[in-house]
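Only a predicted model underlies this, so the values are computations on that prediction, with no experimental measurement involved. The analysis underlying the following values was restricted to heavy atoms, covering all of them including side chains, and did not include hydrogens, waters or symmetry mates. We count ligands from 1, going down the list as the structure has it; atoms in each ligand are counted the same way. Index from 1, following the sequence.
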Amino acid sequence: MRLGIDLDGVVADFNTGWIRLYNEQFDAHLTRDMVRTWNGLLDISHFETMGEFWRWAEQGEAPSMFRHLDTFPGAVESLATLARDHDIVIITTKPDWAVHDTLAWLSDNRVPTNEIHITTEKWRVSCDVYLDDSPEQVETIHRMRPDRVMCRFIRPWNTPIEGTLDVDDWPDFLAIVEGLVTSG
Ligand SMILES: [Mg+2]
């Protein structure tokens, strides 16, 4: 099967990454669990708009924030297991300036994939199963491709959507894919 896998909030720990950089540069004491909503960083940081946040995240001439993200425990190992029998299709949304850092990050972290799409219109990439944490993407992909399996990686910033599957963690996702294989 073709497994369409999101990066931030699924494989890459976006919140821990930006918060670490933010605390270093602004002498702040934010923690990851303070982010409870989509775009929730505006509530806990000094940034007034997401545009302001993204301009900071670019980090001028230095490697951008996207080069500094950790992987979630078990994420890359799980993808390596899945890659034995399936195609791992990375589908991620990034600002234009983050494309090269994203490709470098995928390489640094040995993410097992032969196919990478950087796009906001994720549903256009045809996959059998999708895994995403964005409330908007989960809803849109399911609406545009109702015959495919849409998995919502459960995070504080998303809620259940009828017709989609809830995923607690990576072992849970492996079990769902395995179940699809055995049910044909
Ligand atoms: Mg995401």
Side-chain angles (χ1 to χ4, degrees), residues 2-22 32-45 47 50-51 53-54 57-58 64-79 82 88-99 101-106 108-109 111-113 115-145 148-161 164-174 176-177:
R2 286 169 58 78
L3 309 179
I5 308 293
D6 175 36
L7 287 183
D8 297 313
V10 171
V11 180
D13 191 347
F14 177 83
N15 283 325
T16 299
W18 80 259
I19 284 172
R20 185 170 52 217
L21 201 60
Y22 185 92
R32 180 175 85 168
D33 59 317
M34 294 166 82
V35 184
R36 306 298 297 173
T37 59
W38 193 253
N39 291 344
L41 60 89
L42 295 180
D43 301 329
I44 63 169
S45 71
F47 300 116
M50 284 306 291
F53 169 79
W54 290 120
E58 191 172 356
S64 78
M65 180 201 64
F66 287 107
R67 197 65 191 274
H68 296 286
L69 305 183
D70 298 332
T71 56
F72 283 109
V76 175
E77 294 83 349
S78 298
L79 289 173
L82 291 166
I88 305 300
V89 181
I90 298 297
I91 317 177
T92 182
T93 301
K94 303 282 186 182
D96 288 344
W97 50 258
V99 170
D101 277 343
T102 299
L103 297 174
W105 184 90
L106 287 164
D108 289 345
N109 288 283
V111 174
T113 182
E115 188 176 338
I116 300 155
H117 299 263
I118 300 180
T119 176
T120 52
E121 294 190 306
K122 294 184 174 187
W123 64 272
R124 290 188 183 279
V125 182
S126 179
C127 292
D128 301 291
V129 181
Y130 297 88
L131 177 62
D132 210 292
D133 68 314
S134 153
E136 189 187 317
Q137 290 293 349
V138 171
E139 192 275 326
T140 303
I141 295 168
H142 176 58
R143 179 163 40 82
M144 301 305 282
R145 294 200 180 265
R148 313 298 165 84
V149 177
M150 180 70 238
C151 295
R152 171 181 71 105
F153 209 116
I154 298 172
R155 298 295 184 196
W157 46 87
N158 60 35
T159 51
I161 292 177
T164 68
L165 298 182
D166 291 348
V167 170
D168 289 311
D169 51 24
W170 278 99
D172 197 20
F173 185 65
L174 261 64
I176 286 172
V177 172

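A ring-centre distance under 6.0 Å is found for Phe47 and Tyr22.
For Asp8, the N, O or S atom with the smallest separation from the Mg ion (ligand 1) is O. Summary: OD1 is the N/O/S atom of Asp133 found nearest to the Mg ion (ligand 1). If you look at Asp6 and ask which of its N, O or S atoms sits nearest the Mg ion (ligand 1), the answer is OD2.
When only modelled atom types and interatomic distance are considered, Trp157 and Asp133 share a side-chain donor-acceptor pair under 3.5 Å.
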(message) Using side chain to side chain donor-acceptor pair (under 3.5 Å), reason through Asp101 and Ser64 one step at a time and then give a plain yes or no.
(response) CA-CA 7 Å; Asp101 277 343; Ser64 78; 2.7 Å; yes

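The line from CZ of Arg124 to OG1 of Thr140 is 12.0 Å long, rounded to the nearest 0.5 Å.
The distance from the Mg ion (ligand 1) to the nearest N/O/S atom of Asp132 is not under 2.8 Å.
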